Structures are given as C-alpha cells and as structure tokens.
Amino acid sequence: MSTPYDHKAVEAKWQDRWEKTRAAEVDLRHAGDSHSQDKYYMLMMFPYPSGDRLHVGHGRNYILGDALYRYLRMNGKRALNPMGWDAFGLPAENAAIQRGIHPNDWTLANIKVMKEQFRRWGILFDWSKEIASCFPDYYRWNQWLFLHMLEKGIAYKKMAPVNWCPSCQTVLANEQVVDGACERCGTPVIQRDLEQWFFRITGYADRLLEGLDGLEGWPEKVKVMQRNWIGRSEGGEVDFRLPAMEETLTVFTTRPDTIHGATFLVLAPEHPFAARLIAGHPDRAGIEAWIETVRNTPRIQRSAEENPKEGRDTGAVAINPATGEEIPVWLANYVLPEYGTGAIMAVPAHDARDLAFARQEGLPVRLVYHPEGEAIDPASLAEPILHEGVIRNAPPFDGLADGAETIGKFIDWMAARGFGRRKVVYRLRDWLISRQRYWGTPIPVVYCETDGMVPLPDDQLPVELPYDVEFTGREGNPLSRSKSFVETRCPKCGGPARRETDTMDTFVDSSWYYLRYLSPRDATRMFDPEIANRWMPVDQYIGGIEHAILHLLYARFICKVLHDFGMVGIEEPFQNLFNQGMITRFSDKSGRVEKMSKSRGNTVSPDELIDEMGADTERVYTLFIGPPEKEAEWSDEAVSGAYRFLSRVWRLQERLPEAPPTAPSDVELERDRHATIQRVTQSFERFSFNTAVASLMELSNSLARALEEKTASRLCCEEAFYTLVQLLHPLAPHITEELWERRGYTESLLDTSWPRYDEAKLHRDRISLVVQVDGKLRDRVEVDATAGETEVRAIVLASPKVREHLAGREVAKAVLVPGRLMNLVTRKTA
RNA sequence: GCGAAAGUGGCGGAAUUGGUAUACGCGCUAGACUUAGGAUCUAGUCCCGAGAGAUCGGGUUGGGGGUUCGAGUCCCCUCUUUCGCACCA
C-alpha cells in the first residue's frame with residue numbers, strides 16, 4: 001500500500017505537464033485590464049551567457065526566481081517570467097577556434113542543453129517570449145538603435161588610447177577591465193591607440209547618478225558602486241599661460257582655493273603638449289624614451305599605490321595666474337591622461353601626492369592655509385594641510401577658512417579675470433562598444449571611397465553575419481577576411497564600399513532585452529511602446545553582484561536613451577534588484593573554498609544530483625543553505641537533509657489515515673498550522689527562504705508527532721498536511737503537485753490561493769510565562785493569557801523555585817512583559 | 001588609507017520591534033530494524049562543575065566598557081574577516 005518517494009517519476013511527470021500546459025505563458029495584450037493593474041508583475045533574472053554549462057551555483061539565481069514566481073502566482077499575480085539567451089560573445093568564438101565548431105552551431109547546441117537543464121530544475125519560464133541575441137531578428141534592433149544613436153551624436157567614432165586584451169585579441173570597455181586585467185580571461189590589458197566606436201554615456205552621467213537616488217528597491221552596495229564608477233567631482237578649471245609655447249594649459253582641480261600654493265604644473269606623459277614642451281630640451285631623446293616606458297607600463301602597475309612616482313622637468317615654465325610667478329612644468333607618471341584635462345596644478349602644501357613628489361624632486365612648497373597660531377616652515381612640512389587653517393598670503397582672501405564657500409569665491413574671482421571657471425569632471429569614460437571579433441552584432445556602416453563613412457538606411461537592416469567564415473585563431477577579425485561580407489555597395493552613390501567589420505560589445509545586446517521580451521516577435525519595430533509602458537519597469541530583477549557596474553549601468557543608460565527617443569516612458573528599467581550571493585565550494589586545485597566555477601574545478605553538476613536525489617531536493621537545499629543575499633558554501637553531505645525532509649513529507653501523506661476521527665489536541669496543531677502560514681509568508685516577503693524551509697520542517701515535525709501520539713484528529717491532520725503542501729510548493733514544486741493530485745485535487749497548486757492565517761487562531765488561552773529574578777531565568781509558570789499583573793505576581797511568588805531565590809531578599813519591583821515574562825528585581829531585606 | 005557589511009555550538013545558520021540565545025538542518029553518539037548498506041526510525045548533542053539519576057549550580061553571541069529591570073540586538077572603544085573604492089588632482 002505504501003509507495004516509496006520516486007522523485008524521478010514524479011519530476012518527469014510534472015515537468016512534462018508544465019511544458020504541455022505552457023503553465024507560465026502570459027498573454028501580454030491582456031495586461032493592464034482596468035480593474036486589475038496591480039495583478040501584473042514582471043520578474044526577470046539575469047540573462048545567462050550561453051557559453052557555460054550550468055552548475056548548482058548558477059541554480060541559486062533561477063531557483064530563487066522560480067520560488068518567487070510560484071509564490072506570486074499563488075498570490076493571484078499574473079506574473080511574467082521570461083528568459084532569453086545572451087548568445088554572442090567570446091566563448092563561442094574560442095570554441096570555434098579550439099574545436100572547429102561554428103559559433104552559431106555551438107551556441108544553438110548549448111541553448112538546447114541549458115533549456116533542458118532549466119526544465120529539469122522545474123523552472124517555469126514563459127518560453128513564448130524567448131529571445132536570443134544571435135538571431136538576426138533580435139540583433140537587427142541593435143543595429144537600428146546604433147544608427148539612431150549615431151544620428152543623434154550619441155554613437156561616434158574616434159581615435160583614442162584604448163584597452164587591448166592580447167589574449168582575446170580585441171579592445172575592451174573600461175568596465176571590462178578589472179584590476180588592470182581582462183575581466184574574462186585575466187590577461188593584463190595594454191593600451192593601444194586605435195580608432196573605435198563609442199557610446200556617449202558620459203553625456204548621461206548626471207542623470208545616471210540622480211536616477212540612483214530614486215531606486216529604493218536596489219541594494220545600497222550596488223548604488224555605491226555605480227556612484228563611485230561615475231565618480232563625479234566638482235571643482236574648477238584653471239588656465240596657465242605657457243609663454244614659450246604661446247599656449248594656454250588648462251588644469252582641473254577640486255581645490256581652486258589653493259591656487260596661490262601651486263608651485264609647479266604636472267602633465268601626464270601622454271599629454272598632447274608633452275612633445276612640444278621638450279622639443280628644445282638637451283635630453284630630449286632620453287625623455288622621449290622615458291615617456292614611452294610610462295606609456296607601456298601596464299595600468300595595474302601604474303596606478304598601484306606603491307608604484308614610485310617618476311617625473312621629468314620639461315625645462316619650460318608656466319605663469320601662475322594668481323601670483324604672476326613663473327613655475328616649472330613637469331611630466332610625471334602619477335598624473336593620468338584620461339582624467340580631467342590630463343594635467344594638474346601641483347599644490348604640495350595641500351596635497352599628499354604633490355608633497356611627496358615635491359620632496360622627491362626638491363620642488364618648492366608654499367602654504368596657502370596656515371594652522372591657527374603657529375608659523376610653519378614650508379621646508380619642514382611633513383604632512384599636507386588638508387582641511388584646516390585659514391588663508392594667509394593670498395591677498396583678497398586672507399582670513400578665509402577652508403570650505404565650499406571659499407572655493408566658490410575663488411572661482412568667481414578667477415572667472416572675473418578670465419582664467420578660471422566652474423567645472424564638473426567624471427571618472428566615467430564613454431562606452432567603447434566595438435570589438436574586433438566575429439561573433440557579435442555587425443556595426444551597420446560602410447566605408448565608401450567617395451562618401452567616406454556612410455550609415456546604412458534602416459531598410460537595409462539587418463546586416464547579417466555571414467556563416468561561411470574561417471576560424472583560425474590568427475590575429476585579426478575573421479569577419480574582415482570574408483570577402484562576401486566586406487565587399488558591398490555604398491547606399492549613397494552606389495559605388496564600391498567596404499563594410500565595417502567591427503562588431504558590438506555583447507553588453508549592447510543585454511542593455512535593452514527586457515523590452516524585447518514584451519514584443520519578442522515584432523518584425524516592424526524594436527518593441528511596442530504601448531505594451532512596454534504597461535509592463536515596465538521590471539518589478540523584480542534577480543542576479544549576481546558581478547554586473548553591478550557593467551550590465552546594470554549600461555541597461556540604465558540605454559533605457560534613458562530610448563526614453564529620450566520617445567519610445568518608453570520610464571527612465572529606470574529595474575524597480576527592485578536582488579543580488580543573490582555566490583555559491584562556493586572547496587577546490588582541490590587551490591586547497592581553498594572558492595566561487596564555484598568550471599575553471600576552478602569545484603563545480604557540482606545538477607544532472608547527477610537530480611538523478612540521485614531530485615530537483616526538489618536541490619531546490620530545497622539551495623534555498624535552505626543560508627540567507628540568499630550572502631555567499632554560501634555548498635556541502636555535499638548536507639544536501640541529504642533536504643532529501644530526508646521531502647521523503648518525510650511524502651510518508652506523512654501515507655500516515656494520514658492513522659489519525660483518529662477525534663482527538664484532544666486539535667487546537668495545538670491548528671495553531672501550529674496558522675503560525676507556519678504566518679511565518680512562511682513573512683519569510684517569502686523578505687526573501688528569507690532559508691527560514692521558510694525551517695518553518696516548514698517544524699510544521700512537518702509537529703504533524704509527525706501528532707500522528708505518532710494520536711493527539712490530533714484526522715481532519716485536523718489533513719488540514720495541516722495540505723497547508724504544508726501548499727506552502728512548500730514554491731520551493732519543491734514537483735513533489736507537492738504530486739501529493740496534491742493524489743489527494744484528488746485536479747487543479748494545479750499554482751492556481752490555488754496562498755493559505756491565509758487567522759490571527760485569532762494564533763492565540764493561546766494558557767501561556768507559559770518565563771520568570772526571572774534579577775534578570776536570571778528561574779522558572780516558568782502557566783498563567784491565563786488574560787491574567788493581570790497582580791494575578792501573575794501572586795502566581796509567580798507562589799513558585800517554590802522563585803521563593804528559594806528570594807531568600808533573604810525582597811521584591812523591589814516587578815516588570816511584566818505580557819505574554820512573555822515577569823522579572824522580579826530584588827534588594828536585600830532591611 | 002577611505003567607505004560598507006559581518007563576527008553566535010564541531011559546521012551552515014535562527015532569534016522582524018531590547019524580553020526563554022543556539023530554532024531548523026548537517027555532523028557526531030547511543031539504540032532499534034535489517035536481505036548488516038553511505039537506507040530508515042528513535043533518543044541525545046553549546047561549554048564547565050556536582051550527582052547513579054531525574055536534576056541542580058555557574059558561564060557563553062570576537063574582546064573591553066556603558067545604558068537598561070533586562071542587551072546577540074542600542075551606544076563608545078578595540079580586534080578580526082569579507083566586499084567596494086583607491087596616485088581621480
């Protein structure tokens with residue numbers, strides 16, 4: 001009569017049924033029915049690059065998302081949970097080079113495998129909205145977007161020093177350089193001067209910054225990272241005359257108020273003036289060689305704190321416009337070419353770096369701010385004076401204290417004399433979007449001998465990637481060797497032209513895909529603005545922290561661009577963001593606990609785990625492992641705890657008939673049932689899935705005890721059991737659907753409504769009250785829940801244990817916390 | 001160096017507002033059943049001391065101090081770890 005828990009059969013059955021009934025499919029046109037606005041909810045998980053096999057570490061994102069999705073459905077929300085493929089990118093192309101498989105075939109094969117893995121996890125994606133960035137009907141809109149950004153001047157091409165990864169053989173955006181190395185392969189990045197395509201994200205810097213303030217549903221951490229990345233600084237620009245060159249050199253400073261202390265200028269060795277400044281220098285060749293060395297120093301080393309400051313005196317002088325003095329002009333490696341104007345006014349008295357450099361090179365130091373009362377000899381100044389003191393020796397400003405107001409006065413003063421102005425500078429650079437690789441969106445422009453660079457008209461889109469291309473791994477983009485692709489006609493004059501062979505960064509693909517989910521098959525436009533305005537923004541976005549300043553910044557930027565094009569009403573695409581923590585595991589390779597990844601060889605395959613213990617087990621364990629926002633270490637042993645729990649739940653159903661028709665303690669089991677509904681619901685609301693699992697285990701234990709001791713009636717046990725099944729459904733969908741069906745219910749648990757708890761049922765008539773004497777636990781007493789202070793006090797004082805501890809003392813005060821405890825504060829009997 | 005988060009049993013962790021610290025699970029110990037299996041079930045399991053025993057006493061949330069009848073939770077100091085930023089003018 002008893003059937004063992006056969007997870008394989010159960011899971012296969014329900015996965016099949018969900019697929020057939022298209023359980024997650026949402027009709028987008030019906031969204032926003034007049035009376036049910038709040039029923040519509042868009043849930044989204046980070047797109048996954050289709051290059052890597054999924055392991056249990058990846059599962060956390062999707063399992064979490066699916067649990068939330070099912071919870072929303074049971075709470076009556078028409079939730080949309082789409083999934084797509086971030087299909088372009090290097091892994092596919094590398095596979096082509098290494099294994100001779102075409103990137104397209106390799107990608108499609110991977111998508112198939114990954115889709116099967118999602119199915120085996122029991123994740124309900126709405127596959128009718130499926131998109132893949134490598135399909136021309138998707139990437140043609142990247143091209144369309146590019147052309148419109150080009151028209152508006154937001155996309156442009158320029159020669160610039162750029163990050164080059166020698167291993168990936170392509171340029172990288174600043175955001176893809178982590179600690180001076182390629183984000184993907186870890187190779188140190190070098191600088192090259194190349195002509196590249198950029199998106200003018202810097203034009204949106206302020207809006208990207210301001211938008212963060214309204215994102216209350218985002219983790220503070222991510223917002224801080226984005227603020228740092230944008231790196232807004234307010235200050236001023238100051239012009240210094242270079243008499244010998246008959247030029248004006250502009251520097252940026254956040255401290256224009258220290259200009260009287262500027263005793264020399266420092267330019268980045270890469271500064272455009274450098275060559276002319278040293279033109280007449282006796283050691284010109286030596287300095288040029290040094291500039292070359294600095295230029296070739298990897299960025300990690302150059303910007304490391306311990307990297308020694310190195311500089312060269314150009315021999316030229318500049319005029320300090322505030323003092324009229326001649327000051328020397330230097331080149332030094334500690335000034336970065338890409339920040340500000342690539343040149344600084346050095347104020348050694350009030351800047352640590354300038355002071356260090358001045359001491360090293362024997363350059364003069366002059367104080368602007370003086371600490372009160374004491375006279376300081378500039379020659380002996382050991383530390384810069386940063387935010388203290390008052391101004392002396394700067395005639396119109398003497399006596400002013402450090403502060404924003406003083407800075408403002410200086411800027412006005414400079415502006416009136418024409419050598420300075422207010423200026424805001426950002427750390428953020430424009431987004432370099434061109435890549436010298438095949439497997440990406442072709443940039444839709446051609447180069448014509450007579451017309452130069454010509455953007456293609458919209459009706460010539462998409463520019464499709466040619467399939468017939470050779471992947472040799474040789475230097476250079478395989479696309480540029482495809483004659484049929486490169487050779488074309490100019491749309492303007494009809495003459496011969498060459499196609500652009502650079503392709504787009506894959507982050508372009510993912511920066512607007514959330515909108516395409518809402519119009520996945522629209523052949524006439526990027527997306528339907530009407531549908532977009534009804535569904536956007538995404539209510540809940542779930543993914544790892546690794547995209548804090550990549551994808552999440554780019555997507556916000558493109559959303560604002562589309563907003564400015566009048567295509568979508570919102571400016572911020574993601575209302576709530578949840579970052580789940582990484583799964584780690586011990587790695588034999590390194591002997592340490594590390595992020596689970598293929599390269600570290602510490603992955604756990606979901607396939608074997610699912611075969612052995614089932615997807616429900618993996619899901620419950622993954623959610624039980626710890627708070628989802630924190631990192632968690634995978635334990636192979638602990639997984640079996642989740643399996644045992646599910647097996648016990650299975651057996652409970654078979655034991656239900658053992659319960660007697662009537663029994664004494666129904667109230668208690670019923671109270672546990674309501675308390676569990678309350679706790680699990682609250683846990684779900686704050687994404688605390690680990691405590692939800694714990695509460696469900698407790699209810700299961702209570703029910704098992706009631707059955708064992710025959711203390712609850714059959715009806716009451718069944719109620720408790722089926723509440724347990726419902727509450728467990730988002731976490732372990734297969735087993736719960738099966739148990740529900742075996743009970744005789746025909747509707748899917750997804751269509752049942754989430755259990756409600758009754759506050760009155762949580763109430764007890766008699767409660768156990770903790771008794772403390774001087775804050776120490778001494779006894780517990782049973783009292784009526786309604787008992788008043790005097791009544792409780794009498795019962796408490798009657799306790800023998802309490803009386804023992806009161807020997808020789810008297811009660812000075814009794815504190816009653818209703819429903820919880822009474823604390824007796826004593827003093828020695830007089 | 002700056003900023004943020006966090007330190008609780010052998011381990012993962014719980015304790016939403018200051019009110020029984022260690023829920024739930026892993027592991028471990030003992031026992032039951034057994035076609036002796038890494039299955040299942042039952043009981044025990046923060047530390048120290050006393051007791052044959054049910055029990056009793058004391059201590060414990062990185063360390064030190066404070067507020068309070070009462071502190072894992074609030075405040076101050078300090079140590080450690082993790083993350084982010086870092087020659088950004």
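We name chains A, B, ... by the order of the sequence lines, and we start the count at 1 in each one. Fair warning: this is a prediction, and the values are worked out from it, not measured in the lab.
Searching all strands for a Watson-Crick or G-U wobble partner of B:C28 with both distances below 3.5 Å returns B:G44. For B:U68, there is no paired base (Watson-Crick or G-U wobble, both distances below 3.5 Å). Within the shown strands, B:U81 is the pairing partner of B:A5 under the Watson-Crick or G-U definition, both distances less than 3.5 Å.
Between A:Gln226 and the options A:Leu552, A:Leu208, A:Leu428, a side chain to side chain contact (heavy atoms under 4.5 Å, CB included) holds for only A:Leu552. With respect to A:Ile795, the side chain to side chain contact (heavy atoms under 4.5 Å, CB included) criterion is satisfied by exactly one of A:Asp784, A:Val783, A:Leu769: A:Val783.
A gap of 13 Å separates the P atoms of B:G1 and B:U78, to the nearest Å. When the C1' atom is compared between B:U22 and B:C33, the two are found 33 Å apart, to the nearest whole Å. Rounded to a whole angstrom, the distance from the P atom of B:U73 to that of B:G66 is 14 Å. Spacing of C1' atoms, B:G59 relative to B:A4, comes out at 34 Å, to the nearest Å. As rounded to the nearest Å, B:A71 and B:G19 have C1' atoms that lie 10 Å from one another. Using P as the reference atom, B:A54 and B:A36 are 37 Å apart when rounded to the nearest Å. A gap of 26 Å separates the P atoms of B:A32 and B:A52, to the nearest Å. Comparing the P positions of B:U82 and B:G18 gives a spacing of 32 Å, expressed to the nearest Å.
In terms of modelled atom types and a separation under 3.5 Å, the side chain of A:Arg359 and the main chain of A:Ala382 share no donor-acceptor contact. The backbone N or O of A:Met582 sits nowhere less than 3.5 Å from a side-chain atom of A:Lys595 that would complete a donor-acceptor pair. Looking at A:His805, its side chain never comes within 3.5 Å of a backbone N or O of A:Arg778 through a donor-acceptor pair. Panel note: side chain A:Asp779, backbone A:Lys801; no donor-acceptor pair is recorded below 3.5 Å.
Judged by distance alone, with hydrogens and angles left aside, A:Lys309 brings a side-chain donor or acceptor within reach of the base of B:C87, the pair sitting under 3.5 Å. Put simply, the side chain of A:Asn228 and the base of B:C85 share no donor and acceptor less than 3.5 Å apart.
Between B:A89 and A:Ser233, a contact under 4.0 Å exists linking OP1 or OP2 to a side-chain N or O. Neither OP1 nor OP2 of B:A4 sits under 4.0 Å from any side-chain N or O of A:Lys221.
Comparing A:Pro627 and A:Ala694 against RNA chain B, the residue whose closest nucleotide sits nearer the 5' end is A:Pro627. The residue among A:Arg820 and A:Tyr426 whose nearest nucleotide of RNA chain B lies closer to the 5′ end is A:Arg820.
Annotation: A:Arg820, atom CZ; neighbour count of heavy atoms from other residues, nucleotides and ligands within 6.0 Å does not exceed 12. Enclosure of atom CD in A:Glu608 is not indicated, since only 12 or fewer non-hydrogen atoms of other residues, nucleotides or ligands lie within 6.0 angstrom.
Minimum atom distance to the side chain of A:Asn701 is reached by B:G25, of the listed B:U20, B:A89, B:G25. Closest contact between the side chain of A:Gln772 and the listed nucleotides B:C83, B:C85, B:G19 involves B:G19. Side-chain proximity of A:Tyr334 to the nucleotides B:C87, B:C69, B:A14 is greatest for B:C87. The nucleotide whose nearest atom lies closest to any side-chain atom of A:Glu637 is, among B:C24, B:G27, B:C83, B:G27. Among B:A23, B:U40, B:G13, the nucleotide with an atom closest to any side-chain atom of A:Arg644 is B:U40. With B:C26, B:A15, B:A89 as the candidates, the nucleotide lying closest to the side chain of A:Thr691 is B:A15. Side-chain proximity of A:Arg648 to the nucleotides B:C24, B:A89, B:C41 is greatest for B:C41. Listed candidates were B:G70, B:G12, B:A14. Nearest to the side chain of A:Phe624 is B:G12. Nearest nucleotide to the side chain of A:Asp351, out of B:C41, B:A89, B:C26: B:A89.
A salt bridge between A:Lys309 and A:Glu361 is absent, with no side-chain N of the basic residue lying under 4.0 Å from a carboxylate O of the acidic one. A salt bridge is defined here as a Lys NZ or Arg NE, NH1 or NH2 lying under 4.0 Å from an Asp or Glu carboxylate O, and A:Lys813 with A:Asp774 fails to meet this definition. We find that A:Asp351 and A:Arg255 are not joined by a salt bridge, their nearest charged nitrogen and carboxylate oxygen being 4.0 Å or further apart.
Residue contacts shown for A:Asp354 are absent, as no nucleic acid heavy atom lies under 4.0 Å away. Within 4.0 Å (heavy atoms only), A:Val224 reaches no atom of the nucleic acid at all. Counting any heavy atom pair closer than 4.0 Å across all strands shown, A:Val825 reaches sugar-phosphate atoms only and no base atom.
Within residues 335-343 of chain A, the residues that have a heavy atom under 4.0 Å from RNA chain B are, in order of number, A:Val335, A:Leu336, A:Tyr339.
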Worked check of side chain to side chain donor-acceptor pair (under 3.5 Å) between A:Asp616 and A:Tyr621: CA-CA 8 Å; A:Asp616 284 336; A:Tyr621 176 66; over 6 Å; no

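B:G9 shows a glycosidic angle within 90° of 0 and is accordingly assigned syn.
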Letter per nucleotide, 5' to 3', of nucleotides 54-62 of chain B [B base touched, S only sugar-phosphate touched, - untouched; heavy atoms, 4.0 Å]: --SSSS---

